[in-house]
A.B. asks: 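Just dropping this structure here.
Since this is a predicted model, take the numbers as computed values, not measurements. Basis for what follows: all heavy atoms, side chains included, without hydrogens, waters or symmetry-related copies.
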Amino acid sequence: MIKKKKVIDEIYIPDVGSQVETIDGKEYLITNDAMYTFFRRTKGEFSAFFLALKNEKRLLGCKCTKCGIVRVPPFLTHCPDCNFAPTELIEVEQVGIMNSTPPITYFATSLFQHMAPYGRGRVIFKGADTAMSINLYTTTGILVPGIIKKGTEVKLIFRDERIGEMTDVFCVPTAELTQEKINKNGLQESEIDWETPQEPSLPVASEEDSNQYRKALDEMKDLIEDMNRNESVRKAIAGWKRDIQVKTRGGQFAIMIDDGDIKLTESVLSSPDFIMVCDDINALLDGLAYRGAITDSVINKKIWISKNMEFNTIFKLDRMARFLVRSKKV
Ligand SMILES: [Zn+2]
């Protein structure tokens with residue numbers, strides 16, 4: 001049986017119960033409670049646009065019957081430039097050009113966290129005269145600055161499950177797709193290859209590199225053993241399971257997270273959940289030792305990860321580093 005999704009995800013709904021928090025040596029009782037309001041919202045005059053996205057995988061705009069300007073999305077029923085002449089709905093193409101370089105959101109609010117990291121930018125689709133705001137992704141691994149810029153050609157992609165919202169669609173660069181897929185209208189996310197990201201190549205290690213690698217690896221092993229023994233660090237990865245293959249200039253190893261346990265082994269995994277490439281192992285070591293954030297190293301392209309959504313795991317690694325340092329201070 002398929003469980004129906006709720007407007008508020010269950011993970012955000014706290015359990016009935018209470019807890020005691022100690023602040024400055026005094027105990028305070030805290031209970032979980034709720035205050036909620038739900039509402040229904042009509043798409044009104046935009047209904048045709050959203051229904052076309054949802055049911056027909058078509059992108060609509062409105063064309064002024066007088067001046068011919070095509071606005072996408074079709075946000076005007078009458079053209080203000082032509083003494084309010086009526087507009088008519090027309091279909092536009094599903095390939096367009098970035099109107100600006102999109103900013104990337106890495107740390108989203110709870111509402112958008114499941115989509116991060118994502119770019120948000122404006123695209124002028126072929127046949128349109130105005131730009132449409134849309135979320136942007138890449139299939140080449142983590143989304144970092146430089147992949148999608150002003151002028152980049154992008155393709156409209158439809159979510160497999162659509163409900164008639166702007167999040168039913170997003171864009172990826174056409175450079176990452178075959179011509180056949182670029183030409184296809186109504187291309188869905190499941191038709192795209194997300195599984196063969198472009199792994200950065202590493203230079204051959206010198207003897208000096210290998211020595212540095214051994215030294216850093218030993219320090220990392222001690223650190224991860226410390227984490228594994230630490231109660232608050234274990235809490236940060238409760239219920240989380242990831243096998244990560246880490247490739248560096250000096251060699252490769254695996255970090256395995258399994259519901260509170262974390263361990264490092266010098267092995268090559270046959271099917272890791274994702275791959276992390278860091279030329280200099282110290283970029284990762286410094287993060288785990290809380291000498292800088294791993295998330296920053298990802299954003300600054302010192303560490304590459306093969307799956308965009310695994311930024312979440314990187315976020316957890318930073319949290320573990322923070323928890324370990326904090327618990328040692330007490
Ligand atoms: Zn007009």
A.B. asks: Going by atom types only, do Q94 and K57 share a side-chain donor-acceptor pair under 3.5 Å?
C.D. replies: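 No, no side-chain donor-acceptor contact under 3.5 Å.
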A.B. asks: Could you go step by step and tell me if I104 and I299 meet the side chain to side chain contact (heavy atoms under 4.5 Å, CB included) rule?
C.D. replies: CA-CA 10 Å; I104 301 171; I299 296 167; over 6 Å; no
A.B. asks: Taking all non-hydrogen atoms of both residues, which atom of V144 and which atom of V298 are closest, and how far apart?
C.D. replies: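 Closest pair (atom of V144, atom of V298, distance): CG1-O, 3.6 Å.
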A.B. asks: Not counting sequence neighbours, which residues clear side chain to side chain donor-acceptor pair (under 3.5 Å) with K221? List them please.
C.D. replies: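 Applying side chain to side chain donor-acceptor pair (under 3.5 Å) to K221 gives E266.
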A.B. asks: Side chain to side chain donor-acceptor pair (under 3.5 Å) with N183: which residues, sequence neighbours excluded?
C.D. replies: Q179
A.B. asks: Do D226 and R229 meet the salt-bridge criterion of a basic N to acidic O distance under 4.0 Å?
C.D. replies: yes
A.B. asks: Let me see the working for E219 and R291 under salt bridge (Lys or Arg N to Asp or Glu O under 4.0 Å), right down to the final yes or no.
C.D. replies: CA-CA 13 Å; E219 198 186 325; R291 294 189 291 254; 3.4 Å; yes
A.B. asks: Which distance, rounded to the nearest 0.5 Å, do you find between the CZ of R214 and the CG of L217?
C.D. replies: 5.5 Å
A.B. asks: Just verifying a value: how many Å separate K155 NZ and F125 CZ, rounded to the nearest 0.5 Å?
C.D. replies: 9.5 Å
A.B. asks: Indicate yes or no for a side-chain donor-acceptor contact from N228 to the backbone of I224 under 3.5 Å, with no hydrogens or angles considered.
C.D. replies: no
A.B. asks: If I take atom CD from residue E91 and atom CZ from residue R58, how far apart are they, to the nearest 0.5 angstrom?
C.D. replies: 4.5 Å
A.B. asks: Which heavy-atom pair separates W304 from G141 by the least distance, and what is that distance?
C.D. replies: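 Heavy atoms only, the tightest pair is CZ2-CA, 4.2 Å.
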A.B. asks: List in chain and number order the residues that pass salt bridge (Lys or Arg N to Asp or Glu O under 4.0 Å) with K247, two or more places apart in sequence or in another chain; answer none if no residue qualifies.
C.D. replies: E199
A.B. asks: Look up atom CH2 in W194 and atom CG in N308, then write down how far apart they are to the nearest 0.5 Å.
C.D. replies: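 With rounding to 0.5 Å, CH2 (W194) is 8.0 Å from CG (N308).
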A.B. asks: Show every ring pair (Phe, Tyr, Trp, His ring centres under 6.0 Å) that has at least one partner inside residues 227-256, sequence neighbours left out.
C.D. replies: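 For residues 227-256: none.
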A.B. asks: Of all the heavy-atom pairs spanning L143 and G119, show the shortest one and how long it is.
C.D. replies: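 Taking every non-hydrogen atom into account, CD2-N, 3.3 Å.
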A.B. asks: State which residues pass side chain to side chain donor-acceptor pair (under 3.5 Å) with R162; sequence neighbours excluded, sorted by chain then number.
C.D. replies: none
A.B. asks: Side-chain donor-acceptor pairs under 3.5 Å in residues 271-281, sequence neighbours left out?
C.D. replies:
from, atom 1, to, atom 2, distance (Å)
D273, OD2, D243, N, 2.6
D279, OD1, R249, NE, 2.7
D279, OD1, R249, NH2, 3.3
D279, OD2, R249, NH2, 3.1
D280, OD1, N282, N, 2.9
D280, OD1, N282, ND2, 3.1

A.B. asks: Should D259 and R234 count as an ion pair when the cut-off is N to O under 4.0 Å?
C.D. replies: no
A.B. asks: Check residues 132-139 and write down every donor-acceptor pair under 3.5 Å in which the side-chain atom is one partner and the other belongs to a residue at least two apart or another chain.
C.D. replies:
from, atom 1, to, atom 2, distance (Å)
N135, OD1, R120, NH1, 2.7
Y137, OH, M115, O, 2.7
T138, OG1, T140, N, 3.0
T138, OG1, T140, OG1, 2.7
T138, OG1, E176, OE1, 3.3
T138, OG1, E176, OE2, 2.7
T139, OG1, E176, OE1, 2.7

A.B. asks: Please report the shortest heavy-atom distance between T313 and E310, naming the atom on each side.
C.D. replies: OG1-OE1, 2.6 Å
A.B. asks: Could you work out, with side chain to side chain contact (heavy atoms under 4.5 Å, CB included) as the rule, every residue matching N230, not counting sequence neighbours?
C.D. replies: S232, V233, L324, S327
A.B. asks: Can you list the residues that meet the salt bridge (Lys or Arg N to Asp or Glu O under 4.0 Å) rule with E93, with sequence neighbours excluded?
C.D. replies: none
A.B. asks: Can you give me the closest heavy-atom contact between I148 and P173, atom names plus distance?
C.D. replies: CG1-CG, 3.8 Å
A.B. asks: Quick one: does K184's side chain get under 4.5 Å of K181's, heavy atoms only?
C.D. replies: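 Side-chain contact under 4.5 Å: no.
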A.B. asks: Could I get the full list of side chain to side chain donor-acceptor pair (under 3.5 Å) partners for D81, not counting sequence neighbours?
C.D. replies: R71
A.B. asks: Determine, step by step, whether E88 and K63 satisfy the salt bridge (Lys or Arg N to Asp or Glu O under 4.0 Å) criterion, reporting the C-alpha distance in whole Å, the side-chain angles of both residues, the deciding distance to 0.1 Å, and the verdict.
C.D. replies: CA-CA 5 Å; E88 56 187 14; K63 184 177 183 178; 5.6 Å; no
A.B. asks: Any ring pair (Phe, Tyr, Trp, His ring centres under 6.0 Å) pairs touching residues 78-113, not counting sequence neighbours?
C.D. replies: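 For residues 78-113, and leaving out neighbouring residues, the ring pair (Phe, Tyr, Trp, His ring centres under 6.0 Å) pairs sorted by first residue read Y106-F311, F107-F311, F107-F315.
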A.B. asks: Show me the donor-acceptor pairs within less than 3.5 Å that the side chains of residues 15-26 make with the rest of the protein, sequence neighbours left out.
C.D. replies:
none

A.B. asks: To check you understand the geometry: which heavy-atom pair defines the closest contact between I262 and M320, and what is its length?
C.D. replies: CD1-CE, 3.5 Å
